[in-house]
Amino acid sequence: MRNRYLVYYLALLIAVVFAASCYWFWRMTIGRDYEVTERVLPRLHLYDDPAAGLARVKIRAYYVVPQNRKDQIEPGWFEQIEQALKESVIFFQAQFRDYSEISYEIYPNPVILAENNAVYDTEKTDHGNPHALQRIESELLSRGILEENGDEIFRGSAFIYEGVGASGKVGSMILSRTFLARAEYDKIKSSLFAHELGHVFGLPDRYDLSTDISFSDGLMGGGRKEPIERVHLEGDLLAGMGLISEK
Amino acid sequence: MNHSFTGGKLRNRIMVMMVLVSLVPTTAGGFLSIYNISVTHEKNIADTEESFLNERAGRIKKFFDDIFSVLHLHVGFEQTDEIKLSSQVFLLDQMMAENKSLEEISFVNMSGQETSRFLRDEERPSAELRNQSKMPWLAVVRGGDAYTSEPYVTRRGTAVYFAVPVENKNGIIISFIAGELNISEVVELVNSSRLGDSGYLILADPNGFMLAGGPDSKGMQYLGKNEMYEQVLSGTDATGPQGQRRYVSYWGEKTVAVGVYLPQIYSALFLEWPVREADEIVNGLIYRTILMFLLIFVSVLVVGLFLANFIVRPIKKLEQGTGLVAQGKFDKPVEITTGDELEELGNSFNKMMDGLKQLRQLKDEFVFVAAHELRTPVTAIKGYLSMIEDGTVGPVTPEIKEFVHKVIDANQRLIQLVNDLLQVARSDAGRMEIKVEPSDIPGAINLVLGELKPLALEKQITVTYKESTSLPRVLADTLRLKEVMINLVGNAIKYTPAGGRIEVFHEVKNKELITSIKDNGYGISKEAQQKLFEKFYRVQTDKTRDITGTGLGLFIVKQIMDKMNGRIWVESEEGQGSTFNFSLPLA
């Protein structure tokens, strides 16, 4: 009786071994596991402020003219602003690796301020005249001209001022139109604009304010004085904006 | 032997053995081949990728080495002052002219102040000389080491910042050369590199961003995370069969990849090759091998089935032959023409069958002749015994008469045996004459019942015949029919105790006339019913032991019914009685 089924037992054993071998072989070759690359998308945000996302950004530029200079409005102000703004946006778009959608517009008409330039310029205009930025921003806010943040779009204001100014803070910047118009700044005007726009994103200066000596060659340091096509944004600043990993 | 649709056990066993013998080595060989092919293929892929990657990485390294070897100045004097301005301008101008990848280059004094500077696309030295004293790289080059930054992106292309010391003849650092190196040549090399049709390189910066490469050569994407990326970006190469990795890439495709670290720019160079191309050949080979194996498997099964059947067929023929022999049929020899031992076995079997046939013929002849020869003396014995009993030859005393009567009874049983043997012998020899014609049964039955009535009366057995008025005629030999009835009714009387009853009745069913003889006698056990119609079989129980008979009666009845195209069967319960039924076709 035992011998009668021996062949079948043997066949069954061989079939099991064969099936196990097939499975092992399939797992080693065609059916092997493949690690899936984790697609972690960076979440861009204001420098050092992860709560403030920068997935969508809108920059609005204003040509602001003190009361006493309303007759000296530069005819080509719109093109001047547009060129610098456009190049700055292109710059940041590239530096942000297209992880932020940046749009811009220019307020169509010059904004005539309520006071003369002396009020906004004050006596101390060093360090970029941040006083003018605050005064102008308050005034435009009270006049309802500024767009306010309320949705998922981060809104920044750029005031191109017919006076003295080159300063920025989170949400707004000021830059004298001089820097966009005068020949001596022609090669670096977009970089200067972009530098102040960097402050709108919360980026700090990378140069000594008193000595003007830079301690980085990126946009927030020495790069602000270089043609924008040669400029980059410092790696550690990008890390602070959530684009790359902190070292 | 099991002859089911799936084949007998021997055939199945032969088939399984054939399949095992042919498939086991084929399978083992196939597995080994595919395994070897697979292992060799893995190594080939790894070697190919490593070779390609190393060649590209070598070119990238050479790009930097060539430039830095020129930039790392060793002036041939011993002074520790910085180089004269005019010489600086000359050197920088030369360097810019010879190295188109330089975007800017400057001399920086030990205090960190640029002393001369050239920018690409500007013919004159730049007037903008910067104070680099607070730059983090200054401390590195002051220590005598060269410095390169992590790559960064500008509108003019991907670039790195570098600084190298300038040493005098005694190895003392006297100033520095710093600048920006456009690595678009490296980017272009990466973008344009292809392994096969779909393999591509990726140049990734230390933060995991693609600087160049990818399947669409666009770069500028975050690469994502996997084990390979993390390993290489941390500084450990992943090459060779051990370092090679398989993963689903950022673009969602299965790839096989290797990677090396580029220490000069803190970046990583990966080679990803989609497996649809990398494994195309080996996968095709594997699939074809598996397909071939399946074809072989099916072929072996089919061929094995035929071969097994072919081997087993002669054995089946022998089995059928033995069955016929068991039935006493010796006229159909087995035909086995395999040309081997099985054919010899078949021939021997046929000889054995011939011998058995002759033996049976001899036996039949002997029985016929013996029975025939015995008939005369037993008939004579009967005649003389009758004359003695009758007193024809003289007075016989009652005692002698009693003895003579016993001899007459014994002789009568001998006569019956001889007649039965003759009947059997005639039937076996095919000499039993049956004349089938439309016949009326009731007449024959009534005649038989009349003949046997004295026997029934002797045992006070009641015999009733339920004769139907309009019974159809049947196809039968009336004479043989009477023999059948004599036998069946005679048995019913013999095997029913005194005072019993016997009924004879008919039924028309399925174009047959069924005649039944039912008694309430001793009955027949189930085991005995199986052998009832065999030669010389007699039911042996306590109750039937003293009942005489030859054991040939029912055998003869069955032979007669078979020859008249009828049937005979019994229904019985031991102790309850028996019903013998026979059927004849309607005329």
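Order of the sequence lines sets the chain letters (A, B, ...), proteins ahead of strands, with each chain counted from 1.
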| request: Check whether the side chains of B:Tyr152 and B:Glu180 place a donor and an acceptor atom closer than 3.5 Å, and report yes or no. | output: yes
| field | Best-contacting candidate, B:Lys254, B:Met17, B:Arg246, against chain A by heavy atom pairs under 4.5 angstrom | value | B:Arg246
| field | Proximal component of A:Glu234, with respect to chain B [non-hydrogen, under 4.5 Å] | value | neither
| Proximal component of B:Ser149, with respect to chain A [non-hydrogen, under 4.5 Å] | neither
| Contact origin within B:Asp205 toward chain A - heavy atom pairs under 4.5 Å | side chain
| Side-chain donor-acceptor pair present, B:Glu272, B:Tyr247, cut-off under 3.5 Å | yes
| query | Do the ring planes of A:Phe96 and A:Phe201 sit parallel (below 30°), tilted (30 to 60°) or perpendicular (above 60°)? | reply | perpendicular
| field | Contacting region of B:Ser249 [heavy-atom separation from chain A under 4.5 Å] | value | backbone
| Donor on one side chain, acceptor on other, A:Ser190 and A:Glu87, under 3.5 Å | yes
| Below 4.0 angstrom, N of the basic side chain to O of the carboxylate: do B:Arg156 and B:Glu104 qualify? | no
| When heavy-atom pairs shorter than 4.5 Å are enumerated against chain A, which of B:Val24, B:Ile34, B:Val275, B:Asp279 gives the highest number? | B:Ile34
| When heavy-atom pairs shorter than 4.5 Å are enumerated against chain A, which of B:Glu227, B:Arg245, B:His41 gives the highest number? | B:Glu227
